[in-house]
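Right, one structure below, let's go through it.
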Amino acid sequence: MTAKRLLPALAAALACGLAHAAVLSTPPEFVGTDAPFAANAIYFVMTDRFVNGDPSNDHRNQGGAHRTFDIPVAGAPKGESANIGYLGGDFKGVLDNAGYIRGMGFGAVWITPIVDNPDQAFTGGDPVSWGSKFTDRGKTGFHGYWGVNFYKLDEHLPSRNLDFGQFTTAMHQAGLKVVQDIVANHGSPAFSMPVRQPQFGQIFDKDGKLIADQQNLPPYKLDPVRNPLHRFYHAYDDLVQLSNNDDQNPAVLDYFVGAYEQWVDQGADAFRIDTISHMSTTFWKQFAARIRAKHPGFFMFGEAFDYSPDNIGQYTWPSSGSISVLDFPLRGRIAEVFEHPGSDYAQLLDRLYLTNGPYQNPYELVTFYDNHDMARLAASDDGFIDANNWLFTARGIPAIYYGSETGFERGKAEHEGNRNYYGQQRIDAAPNSPIYRQLKRIASLREKTPALQRGLMLPLHFAGNQAAFYRVYQKGDTHQIALVLLNKGDQPTEFDISDKLQSGHWQPALGGNAIDVTAGGNLRTTVAAHGVQVYLLDATATRPDFVAELTRLMEDRGHPVD
Ligand SMILES: [Ca+2]
Ligand SMILES: [Ca+2]
Ligand SMILES: [Ca+2]
């Protein structure tokens, strides 16, 4: 198949008698993705839980009988804790640590939703207890996902001279892009309150006017025909007690396009879309088109909390708005591999979907091992180091949840410490963690290595504790071939690579000696326990079987046109 594809080009080149010159002057493009955003690794911060940079916006007395600040979850085992109140983190806390995040090798920060959330703790739903799931009674909007006015900043976030626009400007000056976490599927908890509470179940417009109100009614009691304030919502429930925005109502689409355009105008660089699978692809296609009409190429990735590649893949296709997604299917395998020392690297292979897969482009997926909605990775320090070495060299855009750089609250789910306050002290002490030091090493390498960011990925050898693959970026004046060697074992291990290995002067990117490979030769080297080595060859791909394989990867990298 490959040979057939190459033959016409070769035949044409030979026929014109300029074969050599023509091939050398116009090497083929080998690119995983051209999306500029894919150059950045992402650091994900739950803003309220990162750093309290300004106590003056804490609103510690907010909420009256249903106060919102510092609400510990009852029933914690000795030495553990969780909290469902606000804990003070804000824009200033993120900005104060822009240098810390940038210095680790990240190019973007994803922050939790910035829009106004209710000013009381919720009194409906099921009570939160230690380790409970889908429970909201007693919880506040510290996480930001309970919007009531999507045009207005929540009062806990800005400081004097640091509104959202000033925040993004300062972050950009510090070399960081800002990923805004957006919600359109739902507002706040909207029913089951013993007594109706202000803001819950309500939505306000740009001018502060009430435009939707569930009035504490169960969804089936909503009357959108006669009550204009019910028209924003579906008359059936979706996620716990959250209002369920009507994705068929054009006014809902208009509201969210308007709100999120406002924040893009204030400097948001990309969107992470919450609960994307809870709204129709028709909604998202229109939403994306309207945002990108003003901001061409604007990068978005959705959260479809689903381990089925076909289910999440659909969002990436043009017919659904060309929105990338968080790579849940790969994350499942990443947890299996890096939480268990005896695991086999081969488990990762069939979730990469490098050719003819379910994704429009697998190189644009946002890859991760945990976040705020699942238990943090339950790995040893070495497991984290191995996971990071994988994430920052394999295909995709890595996203690291705050605190993972020190193994913070590892293994902990929501209401067990997953979302605990990190704080300046832990940040200042992070360089003492071996996870931090190795993460910084590999993230800084990705940051300066186009092949690792956006290059094609060609797996060579995945078995036991070893993984070996090429990453290749060849376009315009940039040509870079990377050979990545990963060892997740407790002992140093030898790699002996000859498959499709191009001759030349291979430079080690992480220390060590350069290796000269002769035509048909091999590259033999030892990689330390829980180590990574990347050899770089600054050359265009010329070895015929290598070029043939890269050509195949390039032609088939995306989903077949739908
Ligand atoms: Ca604060
Ligand atoms: Ca608020
Ligand atoms: Ca919904």
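Both counts, for ligands and for their atoms, begin at 1 and track the order of listing. All values below were derived from every heavy atom in this structure, side-chain atoms included, with hydrogens, water molecules and symmetry-related copies excluded. Counting begins at 1 with the first residue of the sequence.
For Phe408 and Tyr422, the distance between ring centers is under 6.0 angstrom. In this structure, Tyr255 has its ring center under 6.0 Å from that of Phe232. With ring centers used as reference points, Tyr145 lies under 6.0 Å from His372. For Phe328 and Tyr307, the gap between ring centers is short of 6.0 Å.
Closest N/O/S atom of Asp238 to the Ca ion (ligand 3): OD2. For Asp90, the N, O or S atom closest to the Ca ion (ligand 1) goes by the atom name OD2. Counting just the N/O/S atoms of Asp58, the one with the shortest distance to the Ca ion (ligand 1) is named OD1. Nearest N, O or S atom of Asp54 to the Ca ion (ligand 1): atom O. Within His278, the N, O or S atom at minimum distance from the Ca ion (ligand 3) carries the name O.
Taking 3.0 Å as the threshold, Asn117 counts as a candidate ligand of the Ca ion (ligand 2), since one of its N, O or S atoms lies below it. With 3.0 Å as the limit, Asn52 counts as an N, O or S neighbour of the Ca ion (ligand 1). At a cut-off of 3.0 Å, Asn57 is counted among the residues with an N, O or S atom near the Ca ion (ligand 1). At least one N/O/S atom of Asn185, whether from backbone or side chain, sits less than 3.0 Å from the Ca ion (ligand 3). For residue Asn244, an N/O/S atom approaches the Ca ion (ligand 3) to within less than 3.0 Å. The Ca ion (ligand 1) has no N, O or S atom of Gly53 inside 3.0 Å of it.
Cation-pi geometry between Arg376 and Tyr402 is satisfied (NZ or CZ under 6.0 Å from the ring centre, within 45° of the ring normal).
If you put the vertex on the Ca ion (ligand 2), OD1 of Asp119 and OD1 of Asp116 sit 130° apart, to the nearest 10°. For the pair OE1 of Glu155 and OD1 of Asp154, the angle whose vertex sits at the Ca ion (ligand 2) is 90° to 10 degrees.
Using a 30° and 60° split on the angle between ring planes, Tyr236 and His234 fall in the parallel class, below 30°. Ring geometry for Phe271 against Phe287 counts as tilted: the plane angle lies between 30° and 60°, on a 0 to 90° scale.
Under the 4.5 Å side-chain criterion, counting only non-hydrogen atoms from C-beta, Val179 is in contact with Phe301.
For the pair Arg333 and Asp327, the salt-bridge criterion is not met [side-chain N within less than 4.0 Å of a carboxylate O].
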